[in-house]
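Note that the coordinates shown come from a computational prediction; the quantities given were computed from them, not determined experimentally.
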There are 2 protein chains.
Amino acid sequence: MTFKRTNPLALAVLALLSERPMHPYEMAQTMRERHQEEVIKLNYGSLYTVVESLRGHELITASAVQKAGNRPERTVYAVTAAGTAELHDWLRDLIAVPAKEYPRFEAGISLVGLLPPADALELVQQREAAVGEQLAALAVLLEKLAGMGLPQLAWIELDYRMAVLRAERAWLAWFATATREGTVGGYDDWEDRHR
Amino acid sequence: MTFKRTNPLALAVLALLSERPMHPYEMAQTMRERHQEEVIKLNYGSLYTVVESLRGHELITASAVQKAGNRPERTVYAVTAAGTAELHDWLRDLIAVPAKEYPRFEAGISLVGLLPPADALELVQQREAAVGEQLAALAVLLEKLAGMGLPQLAWIELDYRMAVLRAERAWLAWFATATREGTVGGYDDWEDRHR
DNA sequence: CAGCCTATACTCGGCACCGGATATACGGGA
DNA sequence: TCCCGTATATCCGGTGCCGAGTATAGGCTG
């Protein structure tokens, strides 16, 4: 059976091990330090599952079992040639091919007609504010990272996220206005249904 | 135990049943017809799991068991008062509070430094083209829906998605240019690592 | 040096989810 | 009337994922 590219955490593991051998807990620490868990969901339970799966497919191997002091044993893993190939190929796919995803907001906004227009307006404005705060937080983070001397390429994904968030905020602002002024298509019917 | 809002398919079920009672298969059909499965992932296996879970939490009830002709029995469900409350509350949350999500492209682009710049450029351009095609397809779909006399509110989520996709396309175009011209921060180092 | 908190390192049971299997009914062509 | 493809309707076994639990070591405080 060929390896299934479900959990992106496996991608992170391959990427980390392509730097140097590590044991799972160290991978988690490194991901934290580098703010990688912002982009790839990290969960201890999943980490060990994923590592074991990668080992099963011989994309990584247990290269050593250390025993420092009286701590629990820790297994250090290293990436194999097949693992490196998988990493690169997966990466290419992730970048070149847009995957079908299901953002939760799309699900929510598609049913917004079920709520009264006045409520909808308030909720959308709340989201607009929240997105604004996220943007501000990202700006601060970028400042910090740049101040540490990290090049733009090291936080390129944050750059991307900011671009998307700005678009979302703009759309929310438009929708709020259109709702407030009743210019969104189908508004009259919408209001009628809620009185 | 309170109901866990994991699978958005449960939201779709509540929304459909708030129109009129249905049996699971009919829900699936209706979702298809309305292009709802574009926004909410539909899977027959999950559908029955989710319906059973909703029933267990008494958010819906089995209102009848039909037996038309000699077909398999079909259980028709109806939403309860608690179910309607849950639907509205969940909806409010989805709209007002941005959820932490992990788009796969972010994971990919965050590791783009592992690929040679020339390859990265090509991949990003491929994605840009693909996103362009998605936008074109959405425009066609919008045209069709509007032609059928549906108001904007009925396909508001597509409007949102187009806004986000346009932002993504613009960002990809920027990144492609910055890579081609070597103006992305850290480019020299990037190129050095790949020779 | 007792006591407590945090960091280290992993384990495990449960469950939601998914893909594919199952089984019957219906309609249309040869 | 036989056959086959499609529509109807549901079920189920496997698996990946997650959160919470476990256990020891080291460090800090009074």
**Fill in**
Applying ring pair (Phe, Tyr, Trp, His ring centres under 6.0 Å) to B:Tyr77 and not counting sequence neighbours gives none
**Request:** Check the distance between D:dG19's C1' and A:Leu42's CG and give it to me in whole angstrom.
**Result:** 13 Å
**Message:** Whether B:Tyr48 contacts D:dT10 is assessed here as follows: a side-chain N or O lying under 4.0 Å from the phosphate OP1 or OP2. Is that the case?
**Reply:** yes
**Atom-to-atom span, CZ of A:Phe3 to C1' of D:dT15 - whole angstrom** = 14 Å
**Message:** Test of understanding: with side-chain hydrogen bond (donor to acceptor under 3.5 Å, both in side chains), list the residues that count as partners of A:Arg55, not counting sequence neighbours.
**Reply:** A:Glu52
**Request:** Can you sort out the partners of B:Glu86 under side-chain hydrogen bond (donor to acceptor under 3.5 Å, both in side chains), two or more places apart, ordered by chain and number?
**Result:** B:Arg5
**Fill in**
Separation of C:dT8 atom P from A:Leu47 atom CG, nearest Å, is 15 Å
**Residue pairs, two or more places apart or on separate chains, that pass side-chain hydrogen bond (donor to acceptor under 3.5 Å, both in side chains) and touch residues 98-116 of chain A** = A:Glu106-B:Arg161
**Asked** What is the distance from CD of B:Glu26 to C1' of D:dA7, rounded to the nearest Å?
**Response** 14 Å
**Fill in**
Quick note, B:Pro24 side chain, CB onward, closest among D:dT10, D:dC18, C:dC10 is D:dT10
Protein-nucleotides 14-17 of chain C N/O pairs under 3.5 Å:
| from | atom 1 | to | atom 2 | distance (Å) |
| --- | --- | --- | --- | --- |
| C:dC17 | OP1 | B:Thr6 | OG1 | 3.3 |
| C:dC17 | OP1 | B:Asn7 | N | 3.4 |

For residues 171-180 of chain A, tabulate all N or O donor-acceptor pairs below 3.5 Å that involve a side-chain atom, not counting sequence neighbours.
| from | atom 1 | to | atom 2 | distance (Å) |
| --- | --- | --- | --- | --- |
| A:Trp171 | NE1 | B:Asp159 | OD1 | 3.0 |
| A:Thr177 | OG1 | A:Ala173 | O | 2.9 |
| A:Thr179 | OG1 | A:Phe175 | O | 2.8 |

**Item:** Rounded interatomic separation in angstrom, taking CG from B:Asn43 and P from D:dC11
**Value:** 15 Å
**Request:** Could you state the atom-to-atom distance from CD of A:Glu52 to C1' of C:dC12 in whole Å?
**Result:** 14 Å
**Message:** What I'd like to find out is whether the side chain of B:Val140 reaches to under 4.5 Å of the side chain of B:Lys144, using heavy atoms alone.
**Reply:** no
**Asked** When the distance from CE of B:Met27 to C1' of D:dA9 is rounded to whole Å, what number comes out?
**Response** 12 Å
**Request:** Measure the distance from OH on A:Tyr44 to C1' on D:dG16 and round it to the nearest whole Å.
**Result:** 20 Å
